[in-house]
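For clarity, every value in this text was computed on a predicted model and none was experimentally measured. Every chain is numbered from 1, with letters handed out A, B, ... down the list of sequences.
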2 protein chains.
Amino acid sequence: MPIKQNIKVAVDAIVFGYAHDTLNVLLIKQKFGEMKNQWALVGGFVKDNETLLQAVNRELEEEAGLKVNYLEQLYTFGDELQRDPRFRVISVAYFALVNSQNLKPVADTDADEAKWFAINELPPLAFDHLAILQKAHQRLKAKLTYQPIGFDLLPDEFLFSELENLYCTILEKEIDRRNFHKKIDSFGIIEESEKPALKKVGRPAKFYRFNKQKYSQLYEEGFVFEIKFA
Amino acid sequence: MPIKQNIKVAVDAIVFGYAHDTLNVLLIKQKFGEMKNQWALVGGFVKDNETLLQAVNRELEEEAGLKVNYLEQLYTFGDELQRDPRFRVISVAYFALVNSQNLKPVADTDADEAKWFAINELPPLAFDHLAILQKAHQRLKAKLTYQPIGFDLLPDEFLFSELENLYCTILEKEIDRRNFHKKIDSFGIIEESEKPALKKVGRPAKFYRFNKQKYSQLYEEGFVFEIKFA
DNA sequence: CCAAAAGTGTTTCCCGTACACCCATGC
DNA sequence: GCATGGGTGTACGGGAAACACTTTTGG
């Protein structure tokens with residue numbers, strides 16, 4: 001019994017980056033199609049012979065020349081029958097983080113422009129991409145508190161104040177510097193870097209590194225990362 | 001530019017039920033197709049003009065004559081190119097809970113048999129359904145601790161001991177009866193029922209109800225449900 | 001020596017944990 | 001009156017929260 005079905009499968013990626021105390025999202029302006037000149041998430045249709053993961057990575061590469069630090073499936077949007085006016089589409093959305101070191105995308109073949117937008121200065125978006133983005137934003141906030149993904153948004157070597165600021169900014173909360181430091185320290189998953197302190201104004205700050213191996217090891221042993229503040 | 005793509009979209013549902021101190025999963029034995037006589041999750045292909053949610057609910061109705069208490073999207077499985085030997089399929093899996101009152105499915109049109117299996121006495125499953133089921137099981141365990149979904153597995157009026165047992169069984173942990181009672185009580189989301197106590201052996205136990213409205217209200221106010229035990 | 005940002009310790013309080021005895025019923 | 005399961009209180013300890021001064025540098 002052959003199955004008749006005319007639904008197209010797409011993938012979309014919500015890529016977050018963090019720079020200058022601001023959370024940013026990567027958007028592209030489409031060159032072709034119905035939604036020409038509209039800003040949209042990175043994404044496209046899945047090929048018959050590639051996995052969903054391969055599809056997202058390909059789109060990231062093609063549309064923004066980007067390699068991400070963290071990637072996970074977010075949600076599948078398929079309850080809007082008229083999402084794309086051309087035909088029925090369901091979209092598997094992925095959630096991605098890039099290290100602020102590689103936060104300079106270059107527009108590539110498919111898109112004529114790829115650009116970072118501050119999360120609270122978004123342009124109008126194509127399709128239901130705003131809803132997708134909001135869901136991703138929620139997920140980011142939630143995960144930040146129970147998984148060490150903040151490090152995937154920072155350079156390999158970072159200052160404690162940067163980490164702290166990242167948490168404050170994304171969670172929109174005040175955090176006590178001393179308690180935060182104490183807590184993070186107690187996990188034993190970050191270590192001082194030998195990188196010489198930067199000299200600007202005030203007392204120079206030390207650089208730190210996230211010890212991913214150590215974290216994985218602790219994780220296996222049942223350790224639970226958790227940051228919660230009033 | 002027309003898109004050529006030959007991928008079929010299916011939905012699958014992992015339905016959990018709880019009865020006699022055991023966690024159960026609903027499986028169906030397929031009447032037709034390549035996988036004839038194999039046990040599989042409830043599921044099927046999405047129609048062009050129905051949403052994903054409608055598709056799951058339809059399948060639940062058609063294959064098991066079932067209305068569920070809780071339903072949420074779990075994950076989309078599309079990284080196995082050879083999942084279904086007939087053609088490329090991606091499957092959007094849903095996670096469902098049924099109240100033990102309606103835990104008597106009747107086989108309907110599509111399937112010749114629908115049956116509950118204890119979670120640790122599963123038959124061999126079709127496709128990658130075992131992997132899906134395991135992911136759902138994980139999710140259930142996790143959610144139980146931070147969302148009041150346990151109540152969706154119990155009758156509307158239940159005993160404290162039933163609730164406690166549900167937690168013990170699913171989380172595979174010993175729980176101190178007094179501390180558990182105290183914690184749940186402190187939330188203020190369950191209330192005594194007027195239903196007269198059942199008389200069996202020992203002191204009769206009171207019935208309780210989950211006050212969903214109260215929970216929603218508290219939730220809006222920032223209340224966080226959380227059950228954690230050593 | 002002043003300004004600017006980084007670093008650090010102590011006390012308090014609440015919540016999670018451990019733990020055991022009495023109560024209501026049926027037989 | 002005894003067996004069975006249901007219901008409840010208290011004491012302790014650890015971790016989260018609140019809180020402010022000292023240190024290092026540049027100008």
Side-chain angles (χ1 to χ4, degrees), chain A residues 20-21 144-146 148 154-155 157-169 171-209 218 222-230, chain B residues 20-21 144-146 148 154-155 157-169 171-209 218 222-230:
Chain A
H20 312 296
D21 297 345
L144 212 51
T145 70
Y146 64 85
L154 290 174
E157 312 211 287
F158 56 87
L159 308 177
F160 233 106
S161 58
E162 293 177 319
L163 184 63
E164 189 197 321
N165 255 304
L166 185 149
Y167 271 86
C168 290
T169 308
L171 299 181
E172 298 170 289
K173 278 185 183 168
E174 298 280 308
I175 294 178
D176 182 273
R177 190 156 33 113
R178 285 162 292 185
N179 291 337
F180 182 74
H181 202 301
K182 215 184 305 170
K183 182 74 161 282
I184 298 280
D185 254 358
S186 75
F187 295 155
I189 56 176
I190 70 166
E191 54 195 21
E192 278 192 40
S193 143
E194 309 75 32
K195 186 169 171 180
L198 221 65
K199 288 167 190 165
K200 292 190 292 192
V201 217
R203 176 172 174 173
K206 298 175 203 154
F207 279 97
Y208 292 87
R209 260 196 309 270
L218 287 170
F223 164 74
V224 180
F225 178 92
E226 189 169 34
I227 304 269
K228 290 236 174 105
F229 289 102
Chain B
H20 312 295
D21 297 347
L144 212 51
T145 69
Y146 65 86
L154 290 176
E157 313 212 287
F158 54 87
L159 308 177
F160 233 106
S161 58
E162 294 177 318
L163 183 63
E164 189 197 322
N165 255 305
L166 185 149
Y167 270 86
C168 289
T169 308
L171 299 180
E172 297 170 288
K173 277 184 183 166
E174 298 279 307
I175 293 179
D176 182 274
R177 192 161 28 118
R178 285 163 291 186
N179 292 338
F180 182 74
H181 202 301
K182 214 183 307 171
K183 184 73 161 283
I184 298 278
D185 253 357
S186 75
F187 294 155
I189 56 177
I190 70 166
E191 53 194 23
E192 278 192 40
S193 143
E194 308 74 33
K195 186 169 171 179
L198 221 67
K199 288 166 190 167
K200 290 190 293 192
V201 217
R203 176 173 175 174
K206 297 175 203 155
F207 279 97
Y208 293 88
R209 259 196 310 268
L218 288 170
F223 164 75
V224 181
F225 178 92
E226 190 169 33
I227 303 271
K228 289 235 174 105
F229 289 102

5'-most by nearest nucleotide on DNA chain C - G202(A) or F160(A) = G202(A)
E226(A): what forms a salt bridge (Lys or Arg N to Asp or Glu O under 4.0 Å) with it, not counting sequence neighbours?
-> K228(A), K228(B)
Do any side-chain nitrogens or oxygens of H181(B) fall under 4.0 Å of OP1 or OP2 in dT8(D)?
-> yes
Within the side chain of Y167(B), is there an N or O that forms a donor-acceptor pair under 3.5 Å with the backbone of T145(B)?
-> no
Using chain A heavy atoms and a threshold of under 4.0 Å, write down where along DNA chain C the contacts begin and end, 5' to 3'.
-> dA4(C) to dT10(C)
Carboxylate-amine/guanidinium contact K206(A) E157(A), below 4.0 Å | no
F225(B) ring center near Y146(B) ring center (under 6.0 Å) = no
Could you tell me which residues satisfy side-chain hydrogen bond (donor to acceptor under 3.5 Å, both in side chains) with E191(A), sequence neighbours excluded, listed by chain and number?
-> N211(A)
With K173(A) as the cation and F229(A) as the aromatic partner, state whether NZ or CZ is under 6.0 Å from the six-membered ring centre and within 45° of the axis.
-> no
Atom pair distance, as rounded to whole Å: CZ in F180(B) and P in dG7(D) | 13 Å
Can you name the residues that form a side-chain hydrogen bond (donor to acceptor under 3.5 Å, both in side chains) with S161(B), not counting sequence neighbours?
-> none
Produce a footprint string for nucleotides 15-21 of chain D: one letter per nucleotide, 5' end first; B if the base is under 4.0 Å from any protein heavy atom, S if only the sugar-phosphate is, - if neither.
-> -SBBBB-
What residues, two or more places apart in sequence or in another chain, satisfy salt bridge (Lys or Arg N to Asp or Glu O under 4.0 Å) together with R203(B)?
-> none
